[in-house]
Amino acid sequence: MPSAHRYALYLAPTGPWRELGSRWLGRCADTGAALPPLPGQPEAARDWTEAPRHYGLHATLKPPFRLRPGATPRDVDAAARQLAAGDSAFAIQLECEPLRGFLAWRIAATDAEGRARINALAAAAVRGLDDLRAPATADELARRQAHALSSEQQAMLARWGYPYVFDTFTFHITLTGKLDGAALEQARAGIAAFADPLRGQPMAVPGVSVYVQPQAGADFIVARHYPFDGGHVDAAGAAYLQGPATA
């Protein structure tokens with residue numbers, strides 16, 4: 001099986017957050033299948049969710065990357081296993097808030113412990129898989145630099161290939177593309193209609209997941225989930241983690 005175009009280490013939402021969030025986006029990341037909308041979901045949500053639907057419901061830990069020469073899919077699998085083995089299950093509290101012009105579930109302001117655990121996990125993911133990452137191309141850097149980045153974000157982009165890591169990292173489960181004005185408020189109301197009953201209900205974080213983009217431009221799908229208690233659970237993209245290990 002050939003390598004996927006890109007790999008990423010994500011946190012896959014769990015429980016009702018996964019079920020409802022996936023329905024809101026309209027696609028299951030584990031199978032790639034289209035999902036029916038939620039009851040009463042605004043028709044405009046199809047447009048609002050186009051960008052995050054492409055990536056599947058997730059929270060970024062290690063952003064999507066191409067493999068460097070000499071690195072293999074099995075190396076990604078091994079790195080994800082090693083990362084998962086170094087942590088334990090926990091839970092986080094979520095709330096819907098805007099971030100850089102889009103809406104996302106973010107860690108509640110009162111959940112300092114959950115934020116600290118997530119930040120540590122994301123930092124370990126960025127470092128732990130970076131040896132497998134091909135350097136960002138000039139086009140990839142230019143696309144990122146088209147957005148207004150701070151000097152610190154520019155430095156992260158140059159070193160790690162992504163501007164929002166370590167001190168510039170903000171945990172989020174993306175629910176819309178960039179919106180403004182009335183569309184942002186309409187989307188927020190649409191999300192609240194199904195998510196408000198989840199307020200105060202923690203979301204379990206039992207492990208990490210590798211998502212893959214099989215070909216350039218293709219939607220991301222889950223390859224494998226890695227529970228912190230060991231083992232793994234395969235999903236639709238598992239074949240993209242096969243192949244020989246680095247010699």
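Heads up: numbering here begins at 1 and tracks the sequence. Note that the structure is a prediction, hence the values are computed from the model and not measured.
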Exercise. List the atom of E152, the atom of D167, and the distance in Å for their closest heavy-atom pair.
Key: OE2-CB, 3.3 Å
Self-check item: Minimum heavy-atom distance between G21 and F194, given as atom pair plus value
Solution: N-CE1, 4.4 Å
Exercise. Could you check Y211, Y10, Y162 and say which one makes a side-chain contact (heavy atoms from CB on, under 4.5 Å) with P64?
Key: Y10
Quiz item: Can you name the nearest heavy-atom pair linking W24 to I191, along with the distance?
Solution: CZ2-CG1, 3.5 Å
Quiz item: Does a side-chain N-to-carboxylate-O contact under 4.0 Å join D111 and R115?
Solution: no
Practice problem: Flag the pair Q213 / H54 as yes when at least one side-chain heavy-atom distance between them is below 4.5 Å, and no otherwise. | Solution: yes
Quiz item: Can you list the residues that meet the ring pair (Phe, Tyr, Trp, His ring centres under 6.0 Å) rule with W48, with sequence neighbours excluded?
Solution: none
Practice problem: Please indicate whether E50 has more than 12 foreign heavy atoms, meaning atoms of other residues, nucleotides or ligands, lying under 6.0 Å from its CD. | Solution: no
Practice problem: Decide yes or no on ring-ring contact (aromatic ring centres under 6.0 Å, His included) for F102 and H172, but give the supporting numbers first. | Solution: CA-CA 10 Å; F102 58 88; H172 61 280; 5.5 Å; yes
Quiz prompt | pair Y7-L241: side-chain heavy atoms closer than 4.5 Å | solution = yes
Quiz item: Side chains of D30 and H225: is there a donor and an acceptor less than 3.5 Å apart?
Solution: yes
Practice problem: Mind listing the closest non-hydrogen atom pair of L9 and L129 along with its distance? | Solution: CB-CD2, 4.3 Å
Quiz item: For the hydrophobic clusters of this structure (ILVMFWY residues joined by side-chain heavy atoms under 4.5 Å, transitively), does one cluster hold both M203 and V222?
Solution: no
Quiz item: Should Q93 and R199 count as side-chain neighbours, where that means a heavy-atom distance under 4.5 Å?
Solution: no
Quiz item: Would a distance-only check, ignoring hydrogens and angles, find a side-chain to backbone donor-acceptor pair under 3.5 Å from E19 to P16?
Solution: no
Self-check item: Heavy-atom closest contact (V208 atom, A80 atom, distance)
Solution: CG2-O, 4.3 Å
Practice problem: Check whether any side-chain heavy atom of F90 lies under 4.5 Å from a side-chain heavy atom of I118, and answer yes or no. | Solution: yes
Quiz item: If we only count heavy atoms from C-beta on, is the I221 to V212 side-chain gap below 4.5 Å?
Solution: yes
Quiz item: Are R18 and S22 linked by a side-chain donor-acceptor pair shorter than 3.5 Å?
Solution: no
Exercise. Using atom types as modelled and distance alone, determine if a side-chain donor or acceptor of S209 lies under 3.5 Å from a backbone N or O of L11.
Key: no
Quiz item: Under 4.0 Å between a Lys/Arg side-chain N and an Asp/Glu carboxylate O for D130 and R159?
Solution: yes
Quiz prompt | Modelled atom types, side-chain donor and acceptor of Y55 and D219, under 3.5 Å | solution = no
Exercise. For residues P73 and L67, determine if any side-chain heavy atom of one lies less than 4.5 Å from a side-chain heavy atom of the other.
Key: yes
Self-check item: Which atom of G177 lies closest to which atom of A51, heavy atoms considered
Solution: CA-CB, 4.3 Å
Exercise. Give a yes-or-no answer on whether the side chains of H5 and R66 include a donor-acceptor pair shorter than 3.5 Å.
Key: no
Quiz item: Could you state the interatomic distance from CG (D180) to CD (E185), rounded to the nearest 0.5 Å?
Solution: 11.0 Å
